[in-house]
Each structure stands twice: as structure tokens, then as C-alpha cells.
Amino acid sequence: MSGSSSVTTMKKVVQQLRLEAGLNHVKVSQAAADLKQFCLQNAQHDPLLAGVSSSTNPFRPQKVCSFL
């Protein structure tokens, strides 16, 4: 029983290694440069950097009702 489970486990390991061997690898320096370029290109659309106008901000403080 343990022999067949060991073979099954090894087949899964080999399958995973083949999958990983087929992936395209990118150097960390290239990935960092690409990420920096993406961030700089999209900075004007980032609400944390550009801010949110008060009219479109769904989290703005609600006005207090003066009738209460």
C-alpha cells in the first residue's frame, strides 16, 4: 500500500516540477523596474496619492441633521 502511495506522490512531484520548469522566469531587478514603471504611469489615478474629491468620496463625514 505504501509503495503505490509513494509512487503517486512522486508522480505529483514530477508533474509539479515539470510545470515549474516551463514557467518564464524574470529577474528581480527587471520585475522591480516594471513595477516602478507601472506605479509611475498610474500614479495620477491612485486615490491615495492624488486624493479624492469631497463630492465623490463615499467615506466623507455625514452632515448632522439640524432638526434633531
Side-chain angles (χ1 to χ4, degrees):
M1 215 38 160
S2 67
S4 66
S5 98
S6 175
V7 170
T8 304
T9 303
M10 288 297 132
K11 284 184 179 182
K12 288 182 181 179
V13 169
V14 169
Q15 181 182 12
Q16 180 64 31
L17 289 172
R18 284 183 178 155
L19 180 104
E20 290 176 13
L23 294 176
N24 291 332
H25 297 281
V26 178
K27 291 184 177 183
V28 173
S29 58
Q30 181 61 44
D34 291 346
L35 180 60
K36 180 180 176 183
Q37 180 183 5
F38 174 83
C39 291
L40 292 173
Q41 286 176 348
N42 295 296
Q44 69 271 14
H45 303 296
D46 189 339
L48 296 175
L49 297 175
V52 179
S53 69
S54 61
S55 62
T56 60
N57 184 0
F59 301 106
R60 68 182 178 272
Q62 299 297 322
K63 296 179 181 176
V64 180
C65 181
S66 62
F67 293 112
L68 297 177

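The first residue in the sequence is number 1, and the count goes up from there.
To the nearest 0.5 Å, atoms CG (Asn42) and CG (Leu49) are separated by 10.5 Å. For the atom pair Leu17 CG and Lys12 NZ, the distance stands at 14.5 Å (nearest 0.5 Å).
Taking every heavy atom of both residues into account, Glu20 and His25 meet most closely at O-NE2, 3.9 Å.
Between Gln15 and Lys11, every side-chain heavy-atom pair lies at or beyond the 4.5 Å cut-off.
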